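Atom set for the values below is all heavy atoms of this structure, side chains included, hydrogens, waters and symmetry mates excluded. First the proteins, then the strands, lettered A, B, ... as listed; each starts at 1. What you see is a predicted model, and the numbers here were worked out from it, not measured in a lab.
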There are 2 protein chains.
Amino acid sequence: MTDAVDIRILEAISADARATLAQLSDKVGLSVSAVQTRLRKLESTGVITGYRPVVDPEALGKPLAAFIEITPLDPGQPDDAPERLSHLSEIEACHSVAGDSAYMLFVRVASPRDLEALIRDIRLAASVNTRTTIVLQTFFENRPIAPGGPRD
Amino acid sequence: MTDAVDIRILEAISADARATLAQLSDKVGLSVSAVQTRLRKLESTGVITGYRPVVDPEALGKPLAAFIEITPLDPGQPDDAPERLSHLSEIEACHSVAGDSAYMLFVRVASPRDLEALIRDIRLAASVNTRTTIVLQTFFENRPIAPGGPRD
DNA sequence: CGTGAAAACCGAATCAG
DNA sequence: CTGATTCGGTTTTCACG
């Protein structure tokens, strides 16, 4: 479904999602038209589901990040935590996990006080216990996909 | 540094980072020129540090995600784990954290076997113990920044 | 599935108001 | 910041290999 050329296009557009077709064409070594056709297909088949800027969290007033693991208070309930939490915009990611807890959240807030409020909101909204791990420093995230990637 | 209008631009371009200045202009209610000026400033001041596509991990052949917490074997060593690990393209994010372990990694691999190999690579490269939490399902991540955001 | 070229469109840059 | 202008680059489409 996605061949080696598609991967090269994904690598190129991953370095700069606002790159023009001509720029992608250069990097990939295909004609502009071919790149356009393939890129459209990558979008329509759901390989690429959107484009986002990488925004400095501090500039948005949210310098504090944390992982929050949550566990249902009552193990025998309709477990719809993700839907119950999706309205909280401070939650950037929500994964169900195999481990000590049921879900792992990644959140960003403005201050410790806001983190406290968010944790309370999460507990109330999803009927869960929480275990929070504060992020002290982020060394990297949102990396472009590696040219070459893992050894194949 | 970033006022309310900048936030609106960030929200708009967060929904589609390939949007044209005219499209952003519509959403924000400013002229194209003003949007252009502000967007350039957001880029040059480091508020926006790049643009990325949102790519389906399965399409890239990496359906398995995990969190890996790492702890130095020897607490009295030059702690340069992030640099020692940055060459591993399977590691998407690396945060230092306050909690049971020193760092939290987020990784994506093709298979359990590749995860095993990655964990070994991490242990050898950074002289650390690891604690891995497998992701069973991702409900959301890479969400556009919320129109309105947290209640102000 | 790729190329290349023509035509329509859009973005960058500039400037007066 | 707006609105207008100009130029150059980009997207799009299409005929062809």
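Side-chain N or O atoms of A/S25 include one that pairs as donor or acceptor with a backbone N or O of A/L30 at under 3.5 Å.
With C/dT3, C/dT14, C/dC1 as the choices, the nucleotide that has an atom nearest any side-chain atom of A/K41 turns out to be C/dC1. Listed nucleotides D/dA4, C/dA5, D/dC1 differ in distance to B/A34; the shortest reach to its side chain belongs to D/dC1.
With salt bridges taken as basic N to acidic carboxylate O contacts below 4.0 Å, none links A/D121 and A/R84. A salt bridge does not link B/R52 with A/E141: none of the charged nitrogens is closer than 4.0 Å to a carboxylate oxygen.
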Distances under 3.5 Å between protein N/O atoms and the N/O atoms of nucleotides 6-11 of chain D, please, pair by pair.
unit_1: D/dT11; atom_1: OP2; unit_2: A/L21; atom_2: N; d: 2.9

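Atom CD of B/Q137 is surrounded by more than 12 heavy atoms from other residues, nucleotides or ligands within 6.0 Å.
Looking only at atom types and distance, the side chain of A/S101 has no donor-acceptor partner in the side chain of A/R131 under 3.5 Å away.
Distance, B/D26 CG to C/dC10 C1': 14 Å, rounded to whole Å. Rounding to whole angstrom units, CG of residue A/L39 and P of D/dT12 are separated by 10 Å. Look at CZ on B/R38: it is 18 Å from P on C/dA13, rounded to the nearest Å. We find that CE of A/M1 is positioned 10 Å from P of C/dC1, with the value rounded to whole Å.
In this model, a side-chain donor or acceptor of A/S33 finds a partner on the base of C/dG4 within 3.5 Å.
For the P atom pair drawn from D/dT12 and C/dA12, the interatomic distance equals 16 Å after rounding to whole Å.
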For residues 3-12 of chain A, run the donor-acceptor check on the side chains, cut-off 3.5 Å, and write out each pair with its distance to 0.1 Å, sequence neighbours left out.
unit_1: A/D3; atom_1: OD1; unit_2: A/V5; atom_2: N; d: 3.1
unit_1: A/D3; atom_1: OD1; unit_2: A/D6; atom_2: N; d: 2.9
unit_1: A/D3; atom_1: OD1; unit_2: A/R38; atom_2: NH1; d: 3.0
unit_1: A/D3; atom_1: OD2; unit_2: A/R38; atom_2: NH1; d: 3.3
unit_1: A/D3; atom_1: OD2; unit_2: A/R38; atom_2: NH2; d: 3.3
unit_1: A/D6; atom_1: OD1; unit_2: A/R38; atom_2: NH1; d: 2.8
unit_1: A/D6; atom_1: OD2; unit_2: A/D3; atom_2: N; d: 3.4
unit_1: A/R8; atom_1: NH2; unit_2: A/K27; atom_2: O; d: 3.0
unit_1: A/E11; atom_1: OE2; unit_2: A/G148; atom_2: N; d: 3.3

